[in-house]
Amino acid sequence: MAGSTRYLRYIVFAFVALIVIFFISSSSSAVPGADHLQSATDLLKGQGSLWKGTGSTSPAADSAAAEKAASDLKIPPAHSEAAAATASQSNSSPNPYSSTPKVLSGKPASGARMNATFVTLARNSDVWEISRSIRQVEDRFNHNYNYDWVFLNDAEFDDTFKKVTTALTSGRTRYGKIDSEHWGFPDFIDQDKARKVREDMHERKIIYGDSISYRHMCRYESGFFFRHPIMLEYEWYWRVEPSIELFCDVAYDPFVFMAENKKKYSFVLSLYEYVETIPTLWDSVKGFMKQHPEHIVPDNAMEFLSDDGGNTYNHCHFWSNFEVGNLDWLRSKAYVDFFDHLDKDGGFFYERWGDAPVHSIAAGLLLNKSEIHFFNDIAYYHVPFTHCPTGEQTRLDLKCHCNPKDNFDWNGYSCTKRYFEMNKLPLPEGYEKEQ
């Protein structure tokens, strides 16, 4: 009897074990966390997704992104000595990190190149963010054109920054240090007054209101980057900042387009500036117009800047983190006089004047409005705004991957519609669907 009881107990234990194994195998096929996949997808689709530059607070995510970026830097070897020689000759660089031959992913475009460069203001800590921007620009445009890239910094660039950026570019990479005279407080600025302004803006929670380095950057971009010794060698520039995206192929050379069509300044996004950062900027501008009427050109873009013929500023500006422009214009007496007048008034430090309204107002007053161009077909993102080309066929032809619903152009806070109205241009077909 005792033996029968023992056998029965074994049978029961075996049965229970089979049931446990069955449930374990069934639950493992359900994929833990599957109910969160939809919310993750929604996050990535949003304007503020991690992919689009709002940043990650996860060290694991940052590590994975860094490992992927590092793997992207591997350069395929040239398939022959002739190919290596050709690549080395066409992509020579004055820095020691460009000696490795570069193999381009596509057939270079035909035609002459302009005397032009990409230009980026960055620090060594920006290396991985600017790497993403370089990859975007190279994949969508520059791998077929091989234009130079100039990097500027208020400190010396380190070896990591140089090696990484050189490996990613198809043209020459050049590295410049900013003169301390151009990145600091000029001697006419009252330091105590400037400090009190920063403290007040901090209390009022004005974006970058308490930042000294941001003010140095805005002043440098407004009045000095085009005067750097390296930049003096070029006639055209395309400004690129860290963590941007280009959503569409750029199927032609914007530098050639600008030159052939007599354009000197361009934009893809426009919006209203924060009123709290520029309370006296227009007063300074009016002082300049009164002092230098010879620089104010006929048929200018005042209509874009003011709703009352110049009495007040409506705060519209072109977003300068993207711009393709003419360096000779920025180095002209008209522009330098304009910058010097604003600089002496001290608003870069006594308020928080940005380079975007400074560039925009200068273009609006010192250029004929026909010399300012809107690149509808260059699709662009810089947190938090997107320019996605208006027009379905344009997006299809250029292999765009942006969502037209994210397009900021026809949003009420955008000024792009003013540009069309000023130039009496018809609005792009399909814009109504994006309002």
Side-chain angles (χ1 to χ4, degrees), residues 115 119 181-182 186 188-189 218-228 231-232 234-237 239 258-259 261-267 270 272-273 277-320 323-374 415 418-419 421-424:
N115 180 19
V119 60
E181 182 183 350
H182 297 162
F188 55 81
I189 292 297
C218 290
R219 180 173 179 258
Y220 184 77
E221 294 281 23
S222 296
F224 299 109
F225 85 91
F226 48 86
R227 293 190 260 192
H228 190 281
M231 294 300 293
L232 290 176
Y234 299 97
E235 183 183 358
W236 299 91
Y237 74 101
R239 178 170 162 181
M258 295 281 286
N261 290 278
K262 299 181 180 179
K263 308 292 184 180
K264 293 185 179 177
Y265 190 82
S266 64
F267 71 102
S270 68
Y272 293 92
E273 179 62 300
T277 66
I278 54 167
T280 69
L281 174 58
W282 195 250
D283 291 334
S284 184
V285 170
K286 289 199 290 186
F288 166 78
M289 290 191 288
K290 183 177 180 179
Q291 185 174 337
H292 292 284
E294 74 277 11
H295 292 328
I296 310 304
V297 303
D299 202 19
N300 58 42
M302 176 67 84
E303 189 179 342
F304 179 82
L305 303 170
S306 176
D307 299 332
D308 54 18
N311 186 45
T312 60
Y313 179 35
N314 61 22
H315 304 103
C316 278
H317 67 282
F318 308 120
W319 221 23
S320 62
E323 49 187 18
V324 178
N326 182 267
L327 290 162
D328 290 339
W329 169 61
L330 291 175
R331 292 188 284 256
S332 69
K333 178 172 173 52
Y335 184 88
V336 171
D337 283 350
F338 175 78
F339 169 75
D340 287 346
H341 183 95
L342 268 56
D343 195 34
K344 288 293 182 359
D345 283 348
F348 290 106
F349 301 102
Y350 299 148
E351 295 176 9
R352 203 228 65 189
W353 295 354
D355 55 281
V358 171
H359 284 190
S360 302
I361 293 170
L365 299 178
L366 310 180
L367 295 178
N368 188 291
K369 64 185 178 183
S370 67
E371 296 176 302
I372 302 171
H373 181 66
F374 169 56
C415 294
R418 288 178 177 269
Y419 171 83
E421 292 171 345
M422 173 185 70
N423 289 288
K424 297 179 173 54

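Residues take their numbers from the sequence shown, with the count starting at 1.
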Listed by chain and number, what are the side chain to side chain donor-acceptor pair (under 3.5 Å) partners of S266, not counting sequence neighbours?
none
With ring centroids as reference points, do F267 and W319 lie under 6.0 angstrom apart?
no
Main-chain N/O of D343 paired to R219 side chain as donor or acceptor, under 3.5 Å
no
Go through the side-chain N and O atoms of Y237 and E323 and say whether any donor and acceptor fall under 3.5 Å apart.
yes
Hey, are S222 and D355 close enough side-chain-wise for a donor-acceptor pair under 3.5 Å?
no
Begin from the C-alpha positions of D340 and K333 and carry the test salt bridge (charged side-chain N to carboxylate O under 4.0 Å, His left out) through to its verdict.
CA-CA 10 Å; D340 287 346; K333 178 172 173 52; over 6 Å; no
Mutual orientation of the aromatic rings belonging to W282 and Y313 [parallel < 30°, tilted 30-60°, perpendicular > 60°]:
parallel
Please give me the minimum heavy-atom distance between L342 and V358, naming the atom from each residue.
CD2-CG2, 4.1 Å
If you measure only the distance, is there a donor-acceptor pair under 3.5 Å linking the side chains of E371 and Y265?
no
Short side-chain donor-acceptor distance under 3.5 Å, H373 and N261:
no
Mark yes or no for whether S360, through its side chain, and A356, through its backbone, hold a donor-acceptor pair below 3.5 Å.
yes
Can you check whether D308's main-chain N or O pairs, donor with acceptor, with N311's side chain at less than 3.5 Å?
no
Please check this pair: side chain of S270 against backbone of C415, looking for a donor-acceptor N/O pair closer than 3.5 Å.
yes
Under 6.0 Å between ring centres: does that hold for F225 and Y220?
no
Closest heavy-atom pair and its distance - F226, L330:
CE1-O, 3.2 Å
Checking F224 against H182 for the ring-ring contact (aromatic ring centres under 6.0 Å, His included) test, could you report, in this order, the C-alpha distance in whole Å, the side-chain angles of both residues, the deciding distance, and whether it holds?
CA-CA 7 Å; F224 299 109; H182 297 162; 4.2 Å; yes
Give, for atom CD1 of I361 and atom NE2 of H317, the distance between the pair rounded to the nearest 0.5 Å.
10.0 Å
Between R418 and E303, is a salt bridge (charged side-chain N to carboxylate O under 4.0 Å, His left out) present by the stated rule, with each step listed?
CA-CA 8 Å; R418 288 178 177 269; E303 189 179 342; over 6 Å; no
Main-chain N/O of F348 paired to R352 side chain as donor or acceptor, under 3.5 Å
no
Any idea how F288 and H292 line up, ring-wise: parallel (<30°), tilted (30 to 60°), or perpendicular (>60°)?
tilted
Between the side chain of N314 and the main-chain N/O of F304, is any donor-acceptor distance below 3.5 Å?
yes
Nearest heavy-atom pair of A301 and I372: which atoms, and what distance?
CB-CD1, 4.1 Å
Look at the side chain of K264 and the backbone N and O of L367, then say whether any donor-acceptor pair between them is shorter than 3.5 Å.
no
How long is the straight-line distance from CG of D328 back to CD of E235, given to the nearest 0.5 Å?
5.0 Å
